[in-house]
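One-based numbering, in listed order, for ligands and for the atoms of each. All residue numbers refer to positions in the sequence shown, counting from 1.
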Amino acid sequence: MRYTAPILAALAATATATSPMEHAAKLFTLETAPGETVEVTEEEKFRMIDQGRHFFDITEFKNTEISTLRIVDDDSSRPFPKKLHQRCTVEKLHAKIDIDRIRTQLEQFTAFHNRYYQSQHGVDAAEWLYERVRAVIQESGNPLATVRLVRHDAWAQPSIVATIPGSDRGRIVVVGAHLDSIVVGDRGDGRAPGADDDGSGSLMILDALRVLLTDRRIAQGNNLNTIEFHWYGAEEVGLLGSQDIFRLYATQGRQVVAMLNQDMVGYKGRDGVERFGLVTDWTSPSQNEYMKLLIGGYTDIPYEETQCGYACSDHASANRNGYRSSFVFETPFGNHNPLIHTPNDTIDTVDFDHVYQHAKLTTGYLYELAHWPFAEEES
Ligand code: BES
Ligand code: ZN
């Protein structure tokens, strides 16, 4: 394990916890509830993670106005569709989803020892995924699609952003997953396969990109809105990658009109009753209504509304920066995969039929919104 400078500083601080040396260590600012922050050392931060305490790490994002808005206001000037418009094409796209490909790539992704945000393994895994995204774009022959590795100043692991530009350049529709992994009680050298959390979402959205690029209208650049695929680094330590990206977008005045988070898509539920968990906190009510329409029209399973009760994943970073987001989770909160954040979150326990349901939802979401003007429908 290669310790980077901030970790070494934090270790030094722990060793001399009561001495004035402590003040020399980097302090982290954690938002534990809207408007409530605490300052802690890195070791204290990891202890909070071990104890299952939740926070946004806003150390690097303090000039972002702290939002006390837990629900982004519905923007009636940019309404979501009231019905499905692209059913015929979306069903053809569904037939192209390649579960074997997702499985093979997930095997490779989870073979990295871990995908920890400060470890070399975590950097290598992100770079591997970046190469896979590049290959998908290259093999599609699409001259407009691009991908970039997004480096973050304050930690090692990059994020990845792939873009299919739209003809109305301004509006952006985002689907996101997080590429890092973690194991509770560990500081970065343990085995953390993170197959369900969130290797499953990471490789599912990669296949959605591949499938979308096979479409003729997309190939011709004939989509109104820009579609972006995000793979966030450092989610597990306080939503860092997604905060960096959405804060930058907000600063630049970019118009993200909709974001869908796909974190954990490979587990049917402890009770064996398969349904999506539609997360209603830190998300957009109007987009959530639209998600219900998509779930009903494009998948074979129902949904149940649920809440995390805290900013549990990257949709909260979009929301915090003023963007409408939804989180369609593998099952209601509490019924989710009990193996996450352990060395046992392996590919053997991933349910690929369930991954397929999320893939159908994601391709439907992206294809419908790629062509939607975000204006009232004419009847
Ligand atoms: N995939 C989880 C989020 C999650 C876990 C949602 C269980 C619903 C049920 C995510 O990767 C995660 O672990 N999030 C952290 C919070 C984050 C801000 C560090 C968590 O839930 O503890
Ligand atoms: Zn997690």
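Looking at Asp351 and Lys268, a side-chain N of the basic residue comes within less than 4.0 Å of a carboxylate O on the acidic one, giving a salt bridge. Ion pairing between a basic and an acidic side chain is recognised when a charged N comes within 4.0 Å of a carboxylate O; Arg134 and Glu131 show such pairing.
Distance from atom 7 (C) of ligand 1 to its nearest protein heavy atom, with residue and atom name: His336 NE2, 3.4 Å. Residue, atom and distance of the protein heavy atom nearest to atom 18 (C) of ligand 1 are Phe55 O, 3.3 Å. Regarding atom 8 (C) of ligand 1, its nearest protein heavy-atom neighbour is Phe329 CZ, 3.2 Å. Of all protein heavy atoms, the one lying nearest to atom 14 (N) of ligand 1 is Cys312 O, 3.0 Å. For atom 2 (C) of ligand 1, the nearest non-hydrogen atom of the protein is Asp263 OD2, 3.4 Å. Of all protein heavy atoms, the one lying nearest to atom 20 (C) of ligand 1 is Tyr310 OH, 3.5 Å. Of the protein's non-hydrogen atoms, the one nearest atom 4 (C) of ligand 1 is Met264 SD, 4.2 Å. Shortest contact from atom 19 (C) of ligand 1 to any protein heavy atom: Glu236 O, 3.4 Å.
Residue contact annotation: Leu239 has a non-hydrogen atom under 4.0 Å from ligand 1. Using a non-hydrogen distance threshold of 4.0 Å, Ile340 registers as a contact of ligand 1.
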**Q.** Step-by-step ring-ring contact (aromatic ring centres under 6.0 Å, His included) determination, His358 to Phe276
**A.** CA-CA 9 Å; His358 279 270; Phe276 295 111; 4.8 Å; yes
Q: Determine, stepwise, if the pair Thr299 / Lys360 fulfils side chain to side chain donor-acceptor pair (under 3.5 Å).
A: CA-CA 6 Å; Thr299 78; Lys360 291 212 286 190; over 6 Å; no
(Q) Could you go through Val173 and Phe374, starting from their C-alpha distance and side-chain angles, then the distance that decides it, and tell me whether this counts as side-chain contact (heavy atoms from CB on, under 4.5 Å)? (A) CA-CA 11 Å; Val173 175; Phe374 285 90; 4.3 Å; yes
Q | Residue pair His94, Tyr298: steps toward the ring-ring contact (aromatic ring centres under 6.0 Å, His included) verdict | A | CA-CA 9 Å; His94 284 170; Tyr298 287 138; 5.7 Å; yes
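Within the 4.0 Å heavy-atom criterion, neither part of Ala316 lies near ligand 1. Residue Glu235 touches ligand 1 through backbone and side chain together, judged by heavy-atom distances below 4.0 Å.
Side-chain N/O atoms of Ser119 and Asn114 include a donor and acceptor closer than 3.5 Å. Defined by atom type and a distance below 3.5 Å, a donor-acceptor pair is present between the side-chain atoms of His178 and Asp197. Judged by distance alone, the side chains of Arg217 and Gln86 do bring a donor and an acceptor atom under 3.5 Å apart. Looking only at atom types and distance, the side chain of Asn288 has a donor-acceptor partner in the side chain of Thr283 under 3.5 Å away.
Between the side chain of Asp196 and the backbone N or O of Gly266 there is at least one donor-acceptor pair closer than 3.5 Å. Looking only at distances, no side-chain donor or acceptor of Trp282 sits under 3.5 Å from a matching main-chain atom of Gln307.
Near-neighbour remark for the Zn ion (ligand 2): protein N, O or S atoms under 2.8 Å are Asp197 OD2, Glu236 OE1, Glu236 OE2, His341 NE2; waters not counted.
Counting the atoms of ligand 1 from 1 in the order shown, those under 4.0 Å from a heavy atom of Ala311 are 18 (C). Counting the atoms of ligand 1 from 1 in the order shown, those under 4.0 Å from a heavy atom of Gly238 are 19 (C).
When hydrophobic residues (I, L, V, M, F, W, Y) are linked wherever their side-chain heavy atoms come within less than 4.5 Å, the members clustered with Phe327 are Met264, Val279, Phe329, Ile340.
Remark: ligand 1 and Ser313 share no N or O pair separated by less than 3.5 Å (distance only, no angle test).
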